[in-house]
Amino acid sequence: MPPPPAVLTAAATRLRRTLLEWYDRAKRTLPWRATPGVAADPWAVLVSEIMLQQTTVATVQARFDPFLARFPTPAAMAEAALDDVLHAWQGLGYYRRARGLHACARTIVHGHAGQVPDESEALAKLPGIGPYTAAAVAAIAFGQQVVPVDGNVARVLARLIAHDRPLSATKAELWPYAAALAGGDRPGDLAQALMELGALVCTPRQPACGICPWAFACRARAEGRATALPVKVAKRSRPERRAVAMLIRDDRGRLCLRRRPEDGLLGGLIELPAVDPGELPPGDWQALPGTVRHVFTHFSLETTVVTGRPVEALGDAFFHPADRLHELALPTLTRKLLRHAGVAA
DNA sequence: TAAGCGTGGGG
DNA sequence: TCCCCAAGCTT
């Protein structure tokens, strides 16, 4: 059994101080971080936190400023069509986040007078905002005394207390330990410092314990188990799937496309019509050489592209000018397929 | 509870 | 090339 949070409570002041000293020295400059001395923009913080869900800092760094410029306030996003938000979200993945953010903006405008709620409980009621994001926004944007637990923080805490069960099933148990660290006059920096520590020092594979500000208190370090913790759980296998995508042009050279269902994989995005192998509708088809591989979270897909035309028009498809693909929200897989077929996208 | 949900970068 | 994984949420 791990020690009770009381152990952390006793050391909380020193842990906070050493962590914040390290953070002030080592932190990265990131576009969503508020300038010291300037109040954070809650909407910007909210957008950054949604964008960062399961997405690397490097990816978000390149996308954050243009996205926020397009939707600078909740009102700006609330007035926009969902398609515009999906379009701006292209390539970021987990597209349900874009839907949730759009719904968030409308709820904020219509139910909160355009102001992002300042408490964790209210934030957590918004679509797409769970325990982590609610706590992160409350702390970073509003200075509330809450400590969000993301993957980084969970790993840091797991090592700190030598928590030796898989985080996938026990992450919730770490929240009281995080809460035991709360306090001081920089709650937002404390939250970001914990995550930064996990990202830069207390890393998954080769933790840099030699430069860690918490090495003095780390139980895993003391026990020589820093690299072995947290306990990893066996990964699910990733099945292999195949598909055939159809590149169809009409007499005016427009491309045949279709919109995916609102729910599920790549929900609401635009793609080339595709079928399972052997399910091509009657028509005059020519297979392009080679295949396109794309890896999703829970399966890998190998796609063959055929060009030609079906005998009967595809029911759920539409035609769109090939030189105006930039208007559409296309997932990365579709861009790969178009490029493979020599279509600029 | 566990599965579904994208993508790109690093070791 | 392959595997890991990244500031999670929803159902």
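So you know, we letter chains A, B, ... as the sequences are listed, proteins then strands, and number each from 1. Just so you know, these numbers come straight off a predicted model, no measurement behind them.
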Ignoring hydrogens, what is the shortest heavy-atom contact between A/R249 and A/F319? Give both atom names and the distance.
C-CE2, 4.2 Å
Distances under 3.5 Å between nitrogen or oxygen atoms of protein and nucleotides 2-4 of chain C:
from	atom 1	to	atom 2	distance (Å)
C/dC4	O4'	A/R205	NH2	3.2
C/dC4	O2	A/R205	NH2	3.4

Audit row: A/L101, A/M51, side-chain contact (heavy atoms from CB on, under 4.5 Å) steps and yes/no:
CA-CA 10 Å; A/L101 193 53; A/M51 214 174 259; over 6 Å; no
What is the distance, to the nearest angstrom, from the CG atom on A/D263 to the C1' atom on B/dA3?
16 Å
Which comes earlier along DNA chain B counting from the 5' end, the contact point of A/L330 or that of A/A169, where each point is its nearest nucleotide?
A/A169
Measure from CH2 on A/W89 to P on B/dG8 and round the result to the nearest Å.
14 Å
Can you check whether A/H294 has a side-chain N or O nearer than 4.0 Å to OP1 or OP2 of B/dG6?
no
Say whether A/T133 and A/Q53, considering side chains only, have a donor N or O and an acceptor N or O under 3.5 Å apart.
yes
Output yes when at least one side-chain N/O atom of A/T59 is less than 4.0 Å from OP1 or OP2 of B/dG8, else no.
no
Between B/dT7 (C1') and A/R335 (CZ): distance, integer Å
13 Å
Heavy atoms only, 4.0 Å cut-off, all strands: where does A/V60 land among base, sugar-phosphate and nothing?
nothing
Please report the C-alpha distance between A/T334 and A/I270 in whole Å, then the side-chain angles of each, then the deciding distance to 0.1 Å, and finally whether the side-chain contact (heavy atoms from CB on, under 4.5 Å) criterion is met.
CA-CA 8 Å; A/T334 300; A/I270 306 300; over 6 Å; no
Per-nucleotide protein contact along nucleotides 6-11 of chain C, 5' to 3', at a 4.0 Å heavy-atom cut-off (B base, S sugar-phosphate only, - neither), is BBBBS-
What is the distance, to the nearest angstrom, from the CE atom on A/M51 to the P atom on B/dG8?
14 Å
What is the separation between atom CZ on A/R99 and atom C1' on B/dG6, rounded to the nearest whole Å?
14 Å
For A/D263, is there an ion pair with A/R99 - N to carboxylate O distance below 4.0 angstrom?
no
For B/dG6 and C/dT11, measure between their P atoms and round to the nearest Å.
14 Å
A/P148 near the nucleic acid: base, sugar-phosphate alone, or nothing, with a heavy-atom cut-off under 4.0 Å?
nothing
Hey, are the side chains of A/L314 and A/R258 touching, using non-hydrogen atoms and a 4.5 Å cut-off?
no
Whole-Å distance between B/dC5 C1' and A/F296 CZ?
10 Å
Any side-chain N or O of A/R236 under 4.0 Å from OP1/OP2 of B/dA2?
no
Provide, to the nearest angstrom, the distance between the CD1 atom belonging to A/I270 and the P atom belonging to B/dG6.
15 Å
Just call it for A/G100: base, sugar-phosphate, or nothing, with non-hydrogen atoms closer than 4.0 Å on any strand.
nothing
Spacing between A/L269 atom CG and B/dG6 atom P, to the nearest angstrom:
8 Å
Interatomic distance at P, B/dA2 relative to C/dA7, whole Å
22 Å
Measure from the side-chain N and O atoms of A/Q145 to the backbone N and O of A/G183, and report whether any donor-acceptor pair falls under 3.5 Å.
yes
Return yes if a side-chain donor-acceptor contact under 3.5 Å exists between A/R97 and A/T55, otherwise no.
yes
When you look at A/F299 and A/F296, which way does the ring-ring contact (aromatic ring centres under 6.0 Å, His included) test go after all the steps?
CA-CA 5 Å; A/F299 67 96; A/F296 294 98; 4.9 Å; yes
Please determine which of A/D250, A/D284, A/D251 meets the side-chain hydrogen bond (donor to acceptor under 3.5 Å, both in side chains) test together with A/R309.
A/D251
